[in-house]
Amino acid sequence: REETTCYWALKSTSGSGGHQHWPSFVAESVIAIGWEKINVDPSSVSKAQLNNAIAAAYPDKDDPKRAAGSIKKFVDLNIGDFILICRGYKHDQKKHVHIHGIARVTGKFRDDRSSNWRWRFKHDAVIQVIDMFLPTHAVVTALGKGSLMQTIHQLDRSGFERLTEQLGVRLEV
């Protein structure tokens, strides 16, 4: 399993700095993404069909193709993948980055339309709460990512390990 494990960063807010969904992640033992106005299950349509559904649901969205790519990445997460859950950041922001926790995916993608929570695209996950703030430059340096403003970002294993080392965290998930 080790060689197929992937590492990701997932934003826990709606839009850029919007509503915080972290408490729901912990309460439901899931990782999730929004895009609740989309009228299709992204796991059962092509990327082109998903792109069209995003364009219809979010007519003001500048780049539905990029959103569709992010959603498909989320859909395709594998059981065993590690997910860093944090607030998004820009490389030059003064505010520290809130690292909420780390999750390990334990379930396949599902479109949970019965949920009371608007974020219905989910994977079951074991979550290790971290709840720490790091200076933005420390996160940028550790991950090698100038910003994390999209829904999901793939990380390399070494960057993920550098960040957990900086946090002084031993993975339990």
Surrounding CD of Gln49 (heavy atoms of other residues, nucleotides or ligands, distance under 6.0 Å), is the total greater than 12? yes
Does atom CG (Asp92) have a neighbourhood of more than 12 heavy atoms from anything else shown, all under 6.0 Å? yes
[X] (side chain) donor-acceptor with [Y] (main chain) under 3.5 angstrom:
X: Gln154; Y: Ala9; value: no
X: Asp111; Y: Phe121; value: no
X: Asp156; Y: Gly159; value: yes
X: Arg104; Y: Phe82; value: no
X: Gln93; Y: Lys95; value: yes
X: Thr141; Y: Ala138; value: no
X: Asp81; Y: Asn78; value: yes
X: Asn51; Y: Lys65; value: yes

I'd like to check [X] versus [Y] (side-chain heavy atoms, cut-off strictly below 4.5 Å). Are they in contact?
X: Ile152; Y: Leu77; answer: yes
X: Leu10; Y: Thr151; answer: yes
X: Asp41; Y: Ser44; answer: yes
X: Gln128; Y: Val169; answer: yes
X: Leu143; Y: Arg162; answer: no
X: Ile130; Y: Thr164; answer: no
X: His96; Y: Tyr89; answer: no
X: Val129; Y: Ile102; answer: no

Is the ring pair Trp119/Phe25 parallel, tilted or perpendicular, if the boundaries are 30 and 60 degrees? tilted
Out of curiosity, [X] [atom1] to [Y] [atom2], how far, rounded to the nearest 0.5 Å?
X: Leu134; Y: Ile99; atom1: CG; atom2: CD1; answer: 5.5 Å
X: Leu163; Y: Ser158; atom1: CG; atom2: OG; answer: 11.5 Å
X: Phe109; Y: Ile33; atom1: CZ; atom2: CD1; answer: 6.5 Å
X: His153; Y: Lys11; atom1: NE2; atom2: NZ; answer: 7.5 Å
X: Arg66; Y: Gln150; atom1: CZ; atom2: CD; answer: 4.5 Å
X: Glu165; Y: Arg170; atom1: CD; atom2: CZ; answer: 14.0 Å

For Asp112, is there an ion pair with Arg120 - N to carboxylate O distance below 4.0 angstrom? no
Arg110 with Asp124: basic N within carboxylate O range, under 4.0 Å: yes
Short side-chain donor-acceptor distance under 3.5 Å, Trp117 and His21: yes
State, to 0.1 Å, how close [X] and [Y] come at their nearest heavy-atom pair, and which atoms those are.
X: Ser24; Y: Val30; answer: O-CG2, 4.4 Å
X: Ala103; Y: Ile127; answer: CB-CG1, 4.0 Å
X: Arg113; Y: Val40; answer: NH2-C, 3.6 Å
X: Lys61; Y: Ala67; answer: CE-CB, 4.1 Å

Starting from the C-alpha separation in whole Å, work towards a yes-or-no answer on side chain to side chain contact (heavy atoms under 4.5 Å, CB included) for Trp8 and Ile31. CA-CA 12 Å; Trp8 304 87; Ile31 56 170; over 6 Å; no
Start with the C-alpha distance between Lys122 and Ser115, add both sets of side-chain angles, then the distance that settles side chain to side chain donor-acceptor pair (under 3.5 Å), and finish with yes or no. CA-CA 10 Å; Lys122 301 176 182 175; Ser115 177; 3.0 Å; yes
In sequence, state the C-alpha distance, the side-chain angles, and the governing distance for His98 and His100, and then conclude on ring-ring contact (aromatic ring centres under 6.0 Å, His included). CA-CA 6 Å; His98 192 178; His100 295 289; 4.1 Å; yes
Are Phe133 and Val140 connected into the same hydrophobic cluster when the rule is that any two of I, L, V, M, F, W, Y join if their side-chain heavy atoms are below 4.5 Å apart? no
Leu50-Tyr58 co-clustered via ILVMFWY side chain contacts under 4.5 Å: yes
